[in-house]
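Here is how names work: the chains are called A, B, and so on, in the same order as the sequence lines, proteins then strands, and each is numbered from 1.
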Protein chains: 2
Amino acid sequence: MAESMFSEISTTDLVTQISRQITEAIVTGRLKPGARLTELQLSREFGTSRAPVREAARLLESQGLVVFSPRRGFFVRTLTAVDLRDIYELRIGLELHAASLALERIGQAEVAGLERQIEKLYRLADAGSAESQIFEDFAFHRMLCAASHNARLVKVYDELATEMRAGITLIGKLYDDPHRIAKTHEPIVAALKRSDRKELLGALRDHITVAQEAVVALFHGIEKDATDAQNGPIWHCG
Amino acid sequence: MAESMFSEISTTDLVTQISRQITEAIVTGRLKPGARLTELQLSREFGTSRAPVREAARLLESQGLVVFSPRRGFFVRTLTAVDLRDIYELRIGLELHAASLALERIGQAEVAGLERQIEKLYRLADAGSAESQIFEDFAFHRMLCAASHNARLVKVYDELATEMRAGITLIGKLYDDPHRIAKTHEPIVAALKRSDRKELLGALRDHITVAQEAVVALFHGIEKDATDAQNGPIWHCG
DNA sequence: GCGGTGCCGATTGTCGACAAATTGACAATT
DNA sequence: AATTGTCAATTTGTCGACAATCGGCACCGC
């Protein structure tokens, strides 16, 4: 099991690089839902030809971040309130299952990691951007999923997290009281340490359901606005 | 809210066509794990250039069916016993959650569809290929997931189903008594009709766990074989 | 015989080009 | 005035080509 002396040379694939940049642009809201992804324009921006851009766009399509219409091109996916309900609903099933598995498989180091992450959330609650708070919040839940020691599950969580970030960005802001949010993570880890399954699942379900209801409600507001203004900002490119 | 009167014309995209064909080749075992997907060879077989093949391969990569190594190319993913354990484990969480949601949302027509599907399983048990039995078995569970009315969940199930089909094909055969298998679907629908949550989740968990244990055990055997024969068939291209 | 070295064919990464299709605007017709 | 027909500009779909890189093989010194 001798560790290799050097870390692997990171041959950052051009396609991967491009897909990451587009993903980032979408989840940060720089690319708005419905916006057209013109291959020529993107390739010029990245300084490449169209081929890598197309491949990157295909990747994002199968991840559900963009939709593809043959002969018409790629467009940033327009999330609906129903989509977000589905996403959070699936997340509940996924994360509760992960927590259930974690009860039997989590190690001491992982528990410690979760506790450190909560501390980080507290620190960011005092001094940190909303984006960083959201980011680290997702990181906490990812660690919890990873504690299931089920790689396939974590992969699904990552995809869901990307979609959730995109949705939250559209809303604008969500964290009314980041301190309170940080606090709601504590009973989860506490129950996990006590191996209290019932309490763990209950706390986790409550935690996610609160987020779901907030997001979906706010999103309904957005959709209403977009309908009111006939040609809402949703279809603006930028 | 006026529904569009006509369904969209399905312009079968070349890339989609290719990716479907490759997927089919993998799940039916015509392309074996570890096999190299040479772009030039594939493009010649499909009568196209390399560009669409690359895009199709990227799609399959993000679905986890093939792995990609920069500067080396695409290879059919080699499933391990741990992978299959993870996949079935995730499926349990996913499908139980789907069933739980279905309890509140399933309609009469969907229940009838599930019952018809069980009848179909019985018919195929008497006269039907093993492939068709497996295919329709998956169709039953897909219908169950669809009854959750959560599109995002169904998408994940579809991806899992593809991976499971690939794994089962590698094993060779699984259905010792297809009649018995068909029968084990009945308590699931029965509990669903009675809105008996506890019974539904229990029956479903048992059903999937049986499949998981069978698949993982048989797969361990395969891995053993592959290790015994130094250069096992796993790395044969064909 | 054996481990290391350098070369060669095969394959991937990327690009520019051309054909086909879509979009939007404008003109013609009823 | 509303609908239809036409056209030009833009954009996608696909292709073939070239450079960079990888894997395998013979070669070489020990």
Study note, to complete from the structure: With sugar-phosphate taken as primed atoms, P, OP1 and OP2 and all else as base, the protein-contact string of nucleotides 6-13 of chain C at under 4.0 Å (heavy atoms; B, S, -) is -----SBB
Point to revise | Atom pair CG (Leu90(A)) and CG (Asp86(A)), whose distance is rounded to the nearest 0.5 Å | key: 8.5 Å
Exercise for review: List for me each residue that meets salt bridge (Lys or Arg N to Asp or Glu O under 4.0 Å) alongside Glu55(B), sequence neighbours excluded, and say none if there are none.
Suggested key: Arg54(A), Arg58(A)
Review point. Would you call Arg77(A) and Asp83(A) a salt bridge, taking side-chain N to carboxylate O under 4.0 Å as the test?
Key: yes
Atom pairs and distances, donor-acceptor, side-chain atoms in residues 17-26 of chain B, under 3.5 Å, two or more places apart:
residue	atom	partner	partner atom	Å
Ser19(B)	OG	Thr16(B)	O	2.9
Thr23(B)	OG1	Ser19(B)	O	2.7

Review point. With a 4.0 Å cut-off, would you call Arg142(B) and Asp158(B) a salt bridge?
Key: yes
